[in-house]
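To keep things clear, I will list the structure first and then write my remarks on it.
All residue numbers in this chain count up from 1 along the given sequence. Every number for a ligand or one of its atoms is a count from 1 in the order of the listing. Quick caveat, the model's predicted, so the values are computed rather than measured.
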Amino acid sequence: MAKLLEYQGKGWLREAGLAAPRGRAADTAEQVAAIAVELACPVVVKAQVQAGGRGKSGGLAMADTPVEAAAAALRLLGSELKGGLIRQVLVEEKLDIVHEFYAGYTVNSGREARCPMLMFSPQGGMDIESVPEEKLFRLLVSPTRGPGEPELLDMLQRAEVPPEHRRALVKFLVGLFRAYRTYDCFTLEINPLVLIRAGGFVAADCKMEIDNNSVFRHPEMSIEVARDFGHDPTELDLIGWGIEEADQRGSGFLMSMGFDEKTPGYIGYHPIGGGSAMLGMDALSKVGLKVANYADTSGNPVGSKIYRVAKVVLSQPGIDGYLLGGFMMANQEQWHHAHAIVKALRETLPQRPGLPCLLLLCGNKEEESLAILREGLADVPGGERIEIYGREHVTDTGFIAQKMLSMVHEYQRARGG
Ligand code: GDP
Ligand code: MN
């Protein structure tokens with residue numbers, strides 16, 4: 001899911017008419033001090049990283065003066081928190097909190113539900129996982145009508161929310177669903193949703209994840225990549241996303257895996273299908289080889305898309321081989337793969353002579369596909385280490401990995417390595 005940072009999510013909440021603390025994001029201590037001066041009150045300085053639990057891990061700081069705020073920003077900016085680099089902090093008015101609630105909408109994809117679900121707890125602030133079950137209230141919500149006021153009031157009563165706060169909370173929860181739907185969220189979680197001393201409910205935190213499939217409907221959000229990597233996108237990740245974004249026919253997935261160009265034994269990896277990809281990766285790592293990247297061309301992609309993925313995989317400098325890992329009897333038309341791989345290798349191998357290329361392809365139109373590969377690659381300059389296999393080795397991951405390893409050794413020896 002396309003995950004937004006807290007300050008971005010809060011910006012969209014405000015657009016949707018919900019209350020969030022006054023404040024702004026900054027990337028220097030000077031800006032932080034200036035914002036604190038502008039707010040003219042005690043502030044909270046909050047690290048902007050894709051992680052919860054910042055409170056407990058030093059990612060939040062309270063500051064009574066702009067000088068203190070700047071000092072906190074100096075400590076946070078540029079440091080790492082929960083695996084993410086802090087590039088920005090959010091500077092907000094410090095709220096005078098009376099009580100912390102939890103409120104969030106997510107998609108319940110269970111067979112009995114298949115709809116949005118509201119989760120609410122009168123005990124907010126902590127991880128939702130550590131809220132006792134009897135303090136967690138769930139409400140399935142119609143995706144078209146949203147939550148009804150009577151059912152919300154009923155839920156708040158069961159949650160023993162004092163009667164005087166129920167109306168205002170219902171209003172917030174209805175508004176939160178409107179935001180959830182307007183922005184095509186997968187998850188929109190406010191933890192804590194706080195009751196402040198002056199009265200009223202304010203979103204003190206915000207976790208907003210946009211459904212990747214809906215990102216195209218939200219140009220206003222300027223989300224560059226509608227794909228989850230678990231790391232900041234690399235050049236390869238961005239090129240890979242560009243291939244997918246431009247053509248929705250079948251998947252053409254590419255992702256970096258922390259490839260170190262200077263270490264030998266990395267394979268440009270081009271598996272077909274996610275499960276097949278895992279099998280191949282296990283087998284390669286058992287023989288001491290590593291994958292330079294993750295990829296997947298499945299769901300019957302067109303040849304042009306497969307070709308682009310193959311070209312990117314092969315473009316990685318320093319790889320010791322290329323593995324087309326079709327460790328499954330695919331029901332997609334495999335000849336698109338065959339045509340694409342032939343074109344990619346014919347263009348690449350003259351520049352990378354002798355690169356070990358192991359091509360395992362089976363399933364629909366297998367015979368024709370293998371014939372295309374054999375014929376198309378028979379005379380390619382630089383193609384002295386090409387092995388082509390079909391269904392006889394489909395689950396034979398150990399054999400394929402061993403074969404890859406011996407080709408890699410041969411290649412390394414030939415290059416004097
Ligand atoms: P998280 O730990 O990453 O989820 O960060 P939160 O923004 O949820 O903050 C964690 C906790 O810090 C909250 O549950 C509050 O108890 C506290 N906190 C955050 N903002 C404020 C604030 O403005 N005033 C006060 N008094 N406490 C705050
Ligand atoms: Mn939180």
Side-chain angles (χ1 to χ4, degrees), residues 1 3-14 18-26 32 35-66 68-69 72-73 75-77 79-106 118-132 135-136 161 165 169 172-173 176 179-180 185-209:
M1 298 303 127
K3 294 178 185 158
L4 305 191
L5 291 167
E6 175 190 8
Y7 82 90
Q8 297 166 322
K10 282 177 168 172
W12 298 116
L13 289 184
R14 279 191 206 98
L18 292 157
R22 291 183 301 133
R24 271 187 294 126
V32 169
I35 297 168
V37 168
E38 214 177 286
L39 291 171
C41 64
V43 297
V44 196
V45 181
K46 310 176 81 174
Q48 297 300 286
V49 289
Q50 298 292 9
R54 293 164 301 172
K56 278 181 234 131
S57 47
L60 300 191
M62 310 285 178
D64 286 332
T65 64
E68 275 177 44
R75 177 172 64 77
L76 291 172
L77 286 167
S79 71
E80 278 214 3
L81 186 74
K82 304 195 128 189
L85 178 66
I86 306 173
R87 294 197 175 87
Q88 288 167 301
V89 292
L90 173 59
V91 191
E92 287 184 335
E93 59 176 319
K94 182 174 159 192
L95 300 169
D96 190 355
I97 297 177
V98 178
H99 190 77
E100 305 191 14
F101 296 87
Y102 173 96
Y105 288 93
T106 189
L118 168 65
M119 291 204 283
F120 176 84
S121 176
Q123 285 183 7
M126 56 173 118
D127 286 349
I128 192 61
E129 288 79 13
S130 43
V131 172
K135 290 284 180 195
L136 188 58
V161 172
H165 298 313
L169 258 181
F172 191 97
L173 295 174
L176 191 63
Y180 180 77
C185 299
F186 188 86
T187 301
L188 178 52
E189 181 190 83
I190 310 300
N191 186 26
L193 166 59
V194 302
L195 173 65
I196 54 170
R197 184 88 43 206
F201 290 90
V202 179
D205 191 6
C206 177
K207 183 171 132 192
M208 191 182 237
E209 298 181 359

Rounding to 0.5 Å, atoms NZ (Lys207) and CG (Leu4) come to a distance of 12.0 Å

Can you classify the ring geometry of Tyr105 versus Tyr180 as parallel (below 30°), tilted (30 to 60°) or perpendicular (above 60°)? tilted

To check you understand the geometry: which heavy-atom pair defines the closest contact between Glu100 and Val194, and what is its length? CG-CG1, 4.0 Å

Could you tell me whether the side chain of Glu93 and the main chain of Arg22 form a donor-acceptor pair under 3.5 Å? yes

If I take atom NE2 from residue His165 and atom NE2 from residue His99, how far apart are they, to the nearest 0.5 angstrom? 9.0 Å

For Arg54, give me all partners under side chain to side chain contact (heavy atoms under 4.5 Å, CB included), at least two apart in sequence or on another chain. Glu6, Lys46, Gln48, Val49, Leu60, Leu81, Asp205

Between Glu92 and Tyr7, is the side-chain hydrogen bond (donor to acceptor under 3.5 Å, both in side chains) condition met? List the steps. CA-CA 10 Å; Glu92 287 184 335; Tyr7 82 90; over 6 Å; no

Keeping waters out of it, list the protein N, O or S atoms under 2.8 Å from the Mn ion (ligand 2). Asn191 O, Asp205 OD2

Can you name the closest pair of heavy atoms from Ala25 and Ile35 and give their distance? O-CD1, 3.9 Å

Can you give me a line-by-line list of nitrogen or oxygen pairs between ligand 1 and the protein shorter than 3.5 Å?
residue: ligand 1; atom: 2 (O); partner: Arg54; partner atom: N; Å: 3.1
residue: ligand 1; atom: 2 (O); partner: Gly55; partner atom: N; Å: 2.9
residue: ligand 1; atom: 3 (O); partner: Gly53; partner atom: N; Å: 3.3
residue: ligand 1; atom: 3 (O); partner: Arg54; partner atom: N; Å: 2.8
residue: ligand 1; atom: 3 (O); partner: Arg54; partner atom: NE; Å: 2.7
residue: ligand 1; atom: 3 (O); partner: Arg54; partner atom: NH2; Å: 3.4
residue: ligand 1; atom: 4 (O); partner: Asp205; partner atom: OD2; Å: 3.1
residue: ligand 1; atom: 5 (O); partner: Arg54; partner atom: NH2; Å: 3.2
residue: ligand 1; atom: 7 (O); partner: Lys46; partner atom: NZ; Å: 2.6
residue: ligand 1; atom: 7 (O); partner: Arg54; partner atom: NH2; Å: 3.4
residue: ligand 1; atom: 8 (O); partner: Asn191; partner atom: O; Å: 3.0
residue: ligand 1; atom: 8 (O); partner: Asp205; partner atom: OD2; Å: 3.0
residue: ligand 1; atom: 14 (O); partner: Glu100; partner atom: OE1; Å: 2.7
residue: ligand 1; atom: 16 (O); partner: Glu100; partner atom: OE2; Å: 2.5
residue: ligand 1; atom: 23 (O); partner: Leu95; partner atom: N; Å: 2.8
residue: ligand 1; atom: 24 (N); partner: Leu95; partner atom: N; Å: 3.4
residue: ligand 1; atom: 24 (N); partner: Leu95; partner atom: O; Å: 3.0
residue: ligand 1; atom: 26 (N); partner: Leu95; partner atom: O; Å: 3.3

The side chain to side chain contact (heavy atoms under 4.5 Å, CB included) partners of Lys135 (sequence neighbours excluded) come to Ser121, Pro122, Gln123, Val131, Pro132

